[in-house]
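See below for the structure under consideration.
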Amino acid sequence: MAEEVSSQMNSLSISETNPSSSATISLVSGDDIVFKVEPTIAKEMETVQSFIDETDGKITTIPLPNISSHDLPYVIEYCEKSIAGKITKEFEAEFVKKLNNEEVKELFLAANYLNIKKLLDFLSQVIADRIANKSVEYVRRYFGIENDFTPEEEAKLREELAWTFTGVDPDDEDEN
Amino acid sequence: MKNNKSDNNYSNDYLFYEILVRIFTALHVADLAKASMVCKAWNVASRAPVLWKTLDLNELGMDVPLRLYAWFGEHSSKKMTQILKYASSLGGENISCLIFNYYVYLTDEHLISIAERTPNLKRVVLPITGNISKIGIEIAMRSWGGIESITVTEMFNNANFLNAVGKYCKNIVSLKFTCLFEQYHAEAIVNYTPNLRTLSIRHFLVSMRGLCHVLNSLEHLEVVNLCHCLITDLLEGSFQDYSIEDLRERVDFSCELIICKENSCLRCTNRLRNDRGRPSYENMEDIWREDEIESLAH
């Protein structure tokens, strides 16, 4: 469903057609791949919907510079299921099975950018599940975060948090 | 297709405050505490007020043995104190509802540690087992002077507790008793909680005289939950049981009564056969959690 477009497509194309017609919407990923979707999908993506509303529906090509062509199909898949009312536990379990840690984070940021509430809630839980019962070091590695506490601050926190260091899962490096 | 967003390395300020808070809402207490030591940005986010409105110690994210008197030993008990201190250092003034762990044995040190750090508490659900001194209760209830709602359990079912509530907590509007309700409870709440609006005494033995006193005297009462209760009084050495109709005949009251279908209620039938309004601990956790009054369920 993706088609390559030339770089001048980066500028917005303004449709002259009647806004009430059900023309498809083109979502353009950060790496300039166009995804054509049904206009109803915008209802799930608040950021896209408000973009359309602000221009009275005249704009049907929407650039999404923060979202890659790798992530966008996942987002579209989830939204289409959501519109069809087919988000089930089974679907979500299958959906998340396909994603590695890096992709979960990317999708979370995409969902945040597009303001897709259901997907955000779902991915929050997925991330929470993946860092639950893991060590602080694991979480830092998972998110690529640098420890910016001073050694003194770190030592104090370790003392106060001694109770969390018992019964932690061994770090599971194979997950990625 | 390769992801080409090479600039997307999750540096400390990349995951914004709101995003972190959204993820943190799905974490248990222990994982949230660990998140607070990941980096400074995470530490700030882990203190977000929205994360701490309710501190439910049944959601620790740690292995607590599912039996009463859990963590009775000194080492485990100290661990609980550390948890309470750290959680309240993150959430402290934002905690408005505190639900103790059903299984963990509560000590003075636990109670005082958390009470002194949660000055804005509005509702507390007390645990089933523990040993609290008179001084412990006094300090706790003094710290919780603004409290409005309490779930009382057998271990707090005593005059020290009720007196301390009367002395320090003038804003009580809602009480749930997960223990026997006798005449002296009725006298205490009539004296100490004159503004009571909601009362729940479900699934326990309730004194008929006490109930009449409450319904006659507490003029702000709006709703009383008596589901699965056994209303009774000791008369000349034997128990006389009463129906809701008996109660209506004796007292003229205007508040709403929540009752089960006495004659066809399976729970009541089983209870009368088995425990006569004195449920065993095995059955108590559900009774402690559930309530037909939504604000008293958790």
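Model, not experiment: these values are computed from the prediction. Quick note on labels: first sequence line is chain A, next is B, and so on, each numbered from 1.
With sequence neighbours excluded, the residues satisfying side-chain hydrogen bond (donor to acceptor under 3.5 Å, both in side chains) with B/Y168 are B/E138.
Remark: A/K98 NZ is packed, more than 12 non-hydrogen atoms of other residues, nucleotides or ligands lying under 6.0 Å away. Other residues, nucleotides and ligands contribute over 12 non-hydrogen atoms within 6.0 Å of the CZ atom of A/F91. In this structure, B/I135 places its CD1 atom where only 12 or fewer heavy-atom neighbours from other residues, nucleotides or ligands lie under 6.0 Å away. The local environment of CZ in B/F72 is sparse, with at most 12 non-hydrogen atoms from other residues, nucleotides or ligands closer than 6.0 Å.
With chain A as the partner, the residue from B/G61, B/A30, B/S36, B/A33 showing the most heavy-atom pairs under 4.5 Å is B/A33. When each of B/M37, B/K85, B/K78, B/Q82 is checked for heavy-atom pairs under 4.5 Å with chain A, B/M37 comes out on top.
Note that CG of B/L90 and CD of A/E160 are 9.0 Å apart. Values are rounded to the nearest 0.5 Å. Note that the CD atom of A/E146 and the SG atom of B/C39 stand 10.0 Å from one another [nearest 0.5 Å]. Once rounded to the nearest 0.5 Å, the distance linking CG of B/D31 with CG of A/D129 reads 10.0 Å. We find the CG-CH2 distance between B/L84 and A/W163 to be 9.0 Å, quoted to the nearest 0.5 Å.
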Under the side-chain contact (heavy atoms from CB on, under 4.5 Å) rule, what do A/F143 and B/V38 come out as? Steps first, then yes or no, please. CA-CA 10 Å; A/F143 285 98; B/V38 166; over 6 Å; no
Run A/T164 and B/Y86 through side-chain contact (heavy atoms from CB on, under 4.5 Å) and show every step you take. CA-CA 11 Å; A/T164 65; B/Y86 195 76; over 6 Å; no
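Residue A/E103: no heavy atom, backbone or side chain, is found under 4.5 Å from chain B. Neither the backbone nor the side chain of B/S89 comes within less than 4.5 Å of any heavy atom in chain A.
Within residues 288-298 of chain B, no residue has any heavy atom under 4.5 Å from a heavy atom of chain A.
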Sequence neighbours left out, cut at 3.5 Å: what donor-acceptor pairs do the side chains of residues 20-29 of chain B make with other protein atoms?
| residue | atom | partner | partner atom | Å |
| --- | --- | --- | --- | --- |
| B/R22 | NH1 | A/D121 | OD1 | 2.8 |
| B/T25 | OG1 | B/R22 | O | 2.5 |

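Only one option out of A/L157, A/I131, A/N133 pairs with B/K34 in a side chain to side chain contact (heavy atoms under 4.5 Å, CB included); it is A/N133.
Counting only residues at least two apart or in different chains, side chain to side chain donor-acceptor pair (under 3.5 Å) contacts with residues 44-55 of chain A comprise A/E44-A/S82, A/E46-A/N115, A/Q49-A/D53.
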